[in-house]
Every structure is written in structure tokens, then in C-alpha cells.
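First comes the structure, then the notes that go with it.
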Amino acid sequence: MTAPPIRLGINIDHVATLRNARGGVHPDPLRAAKLAVEAGADNITAHLREDRRHIRDDDIRRLMAELDCPLNFEMAATDEMRAIALKVKPHAACIVPERREERTTEGGLDAVAQFDALVPVVADLTDAGIQVSLFIAAEGRQIEAASRLGVPAIEIHTGAWCDALADGRGTDAESEWQCIKEGAQLAHGLGLEVHAGHGLNYETAETISALPEIVELNIGHFLVGGAVFEGLGETVRKMRQAMDKGRQAATQVRTIENVDLA
Ligand code: PXP
């Protein structure tokens, strides 16, 4: 398949984490979001957690009112978050698992075990015109459950792959990568739009951009952390370049593969 363009979504949660550390208004997640868009982001992601540890309700309201790009609203499948999403009506909603004690979204949503509970949430959000995605591991049974739920998109959790690479666990990294590749192909074959994210940096984003089935990456912590040293505009620009490089390399490989050598 020819690779379609790949979108970059910037997760601004950790700008809010920094703001909340002092309790004031600085640094402002909306300002960061606007700067990220100026630097090449296609959409903004924000996770309103049950405990409001970073993004708050008023941030979502301001992002919806003032952003010129789509907002991807990350949410747990709770009654409270469903009601907020239906009121706010973001472009997209990514349903994630949420545990209060976790530092970040540590695993994918179990769409198999929670199938029945997800049915009405997916239906309500979809009826409201919101594009629903499920944040899941690249496992066949999870992808098939997402497909049966009728969501238009999934986001593959790349955390285990990125952690294995960062820890130098080469065999684990290779098997996680195989799962991501096969999962992206399976999901695409089932008609799902494929996104990916969690733990990505310049290198892993470049590598994964070579998978033609993946059309969106959502990236936060690495870019917000890097902004301390380089500025957010620069980290977003470099990320955009890394993704474009990965995508281009994939397209070239595919073009060469398609040359008739006879
Ligand atoms: N996608 C989803 C669904 C997430 O929950 C997160 C983390 O909040 C990300 C992407 C971004 O992960 P990271 O901050 O590690 O880049």
C-alpha cells in the first residue's frame, strides 16, 4: 500500500502538570497547544483524568473555544467523562483505561473484558459525531473487539516497545515491534484507522512512521520534557521532521520493492 500522510498529535498534559505544581496559571496549556500547532502539530490531545491531576475542565473548555485544530479528548469510559464529552463535543475521543495510582496510562484498554460496558459509551459518543478511538495493545483479540464495537479508529499502545528499547532488552523490543507491525496490518485490514502513541521519541517516531497503516502519532512527555532544553516549537519541528523522514524512507523502500526487475 502507498503510505498516506501521517498526522502529529501533541499531548499537552504535562504542561498542565508543571502549571499545577505551583497552582497558578503558568505555563498555560492553551498557549503551548497554539505554539505546537504553529510548529507543525496537526491536532492536540488532552487527557481529563478523574483526579484532574493535570488537565482541568476549564482547560478543555478553553482548548475547544480557542484552538483552530481538532481536539482529541482522552477519557476513561466513566459516566462523568461521557457526560463531559457529550457536552464539549470534541472532534475525537480516545478511550483509555485509568487507574488513580498509575503515573501514566500504563497498559491498553481491555476491550475484550469491558466489551459490554463499552457498547453504550461508544454508541453515545458516535451518535454525537465524535470520532471514537480505543487505546489498546496491539493484540489480535483486542483489535478484533474494537472492530466489533464499531469504532472507526484504534490507538496502538507503543509503551512496551519503547520501554524495551530504552532498557536495552533487544529480544523483547523485537517481539513488541512485530506485534505492532502485525497489529497495524490487522487493524487496517479490518477497516480501522490506526493511530499509535506512548513513550515515543525522535528515533521511535521515525521508525514507526515507516508503517504505512499508521496515520497518526500522539506524543507528549518526550516533547514537553525536551522543551525545557530546546523550546517546544523546536521539539515539535524536530518530531515532524523525524516522522516525515521515516515516512519518506518507507515510501522509497516500497517504490523500489515495486520496481519490475524482470
Ligand atoms: N496516547 C495516549 C492514549 C496516552 O494516554 C498518552 C499518555 O498520556 C500518549 C499518547 C502520549 O504518551 P507520551 O506522553 O508518553 O508521549
Side-chain angles (χ1 to χ4, degrees), residues 6-18 20 29 32-33 36 41-55 59-60 63 70-77 81 85 90-100 102-111 118 125 131-138 142 146 151 153-166 176 180 183-184 187 192-209 214-228 232 235-236 238-240 242-243:
I6 183 163
R7 300 188 296 267
L8 171 57
I10 302 293
N11 182 314
I12 51 157
D13 293 352
H14 295 306
V15 179
T17 303
L18 202 53
N20 298 353
D42 299 292
N43 44 273
I44 295 297
T45 294
H47 183 179
L48 187 67
R49 294 185 80 103
E50 181 210 10
D51 60 7
R52 310 300 197 268
R53 72 170 76 150
H54 37 57
I55 293 293
D59 294 323
I60 298 293
L63 288 164
L71 178 70
N72 178 27
F73 179 70
E74 248 188 70
M75 55 174 275
M81 288 303 149
H91 167 80
C94 180
I95 302 182
V96 300
E98 195 174 297
R99 282 183 295 125
R100 200 173 257 256
E102 70 189 355
R103 268 189 288 183
T104 179
T105 312
E106 280 160 11
L109 185 74
D110 192 343
L118 286 166
L125 297 175
Q131 186 202 56
V132 183
S133 69
L134 303 184
F135 187 45
I136 54 176
Q142 295 295 343
V151 293
I154 59 160
E155 180 169 329
I156 292 179
H157 196 313
T158 51
W161 173 54
C162 294
D163 285 349
L165 281 173
E176 292 294 344
I180 291 172
L192 293 161
E193 187 172 298
V194 190
H195 308 167
H198 210 283
L200 295 171
N201 58 23
Y202 297 136
E203 287 78 26
T204 45
E206 182 180 330
T207 304
I208 202 166
S209 295
I214 295 186
V215 297
E216 180 177 306
L217 298 182
N218 287 303
I219 310 177
H221 186 263
F222 176 77
L223 297 177
V224 174
V228 171
L232 185 62
T235 59
V236 172
K238 281 191 181 169
M239 184 55 79
R240 186 70 263 176
M243 288 166 58

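The chain is numbered in sequence order, starting from 1. For ligands, and for the atoms within them, numbers begin at 1 and follow the listed sequence.
When the heavy atoms of His157, Glu155, Glu216 are ranked by distance to atom 1 (N) of ligand 1, first place goes to Glu155. Ranked by closest heavy atom to atom 5 (O) of ligand 1, the top entry among His14, His54, Glu74 is Glu74. Looking at His195, His198, His221, it is His198 that brings a heavy atom closest to atom 7 (C) of ligand 1.
His47 and Glu74 share a side-chain donor-acceptor pair at under 3.5 Å. No side-chain N or O of Thr45 forms a donor-acceptor pair with one of Asn11 less than 3.5 Å apart.
Under the side-chain hydrogen bond (donor to acceptor under 3.5 Å, both in side chains) test applied with Asn218, the options His195, Glu155, Arg7 reduce to a single match, Glu155. Put simply, the residue from Asp42, Ile44, Val15, Thr235 that forms a side chain to side chain contact (heavy atoms under 4.5 Å, CB included) with Ile10 is Ile44.
Contact annotation for Thr45 and ligand 1: no heavy atom of the residue comes within less than 4.0 Å of the ligand.
Remark: Thr158 pairs with no residue by the side chain to side chain donor-acceptor pair (under 3.5 Å) rule, at least two apart or across chains. In this structure, Asn43 has no side chain to side chain donor-acceptor pair (under 3.5 Å) partners at least two apart in sequence or on a different chain.
Of all atoms in ligand 1, numbered sequentially from 1 with element shown, those under 4.0 Å from a heavy atom of Gly199 are 12 (O), 13 (P), 15 (O), 16 (O). Each of the following atoms of ligand 1 lies closer than 4.0 Å to a heavy atom of Val96: 3 (C). Set against the non-hydrogen atoms of Asn218, the atoms of ligand 1 under 4.0 Å away are 10 (C), 11 (C).
Remark: distances from the non-hydrogen atoms of His47 to ligand 1 are all 4.0 Å or more. Not a single heavy atom of Phe222 lies less than 4.0 angstrom from ligand 1.
You'll find the side chain of Leu217 reaches within 4.5 Å of the side chain of Ser209, heavy atoms only.
Residue-to-ligand polar distances place Gly220 within reach of ligand 1: an N/O pair is separated by less than 3.5 Å.
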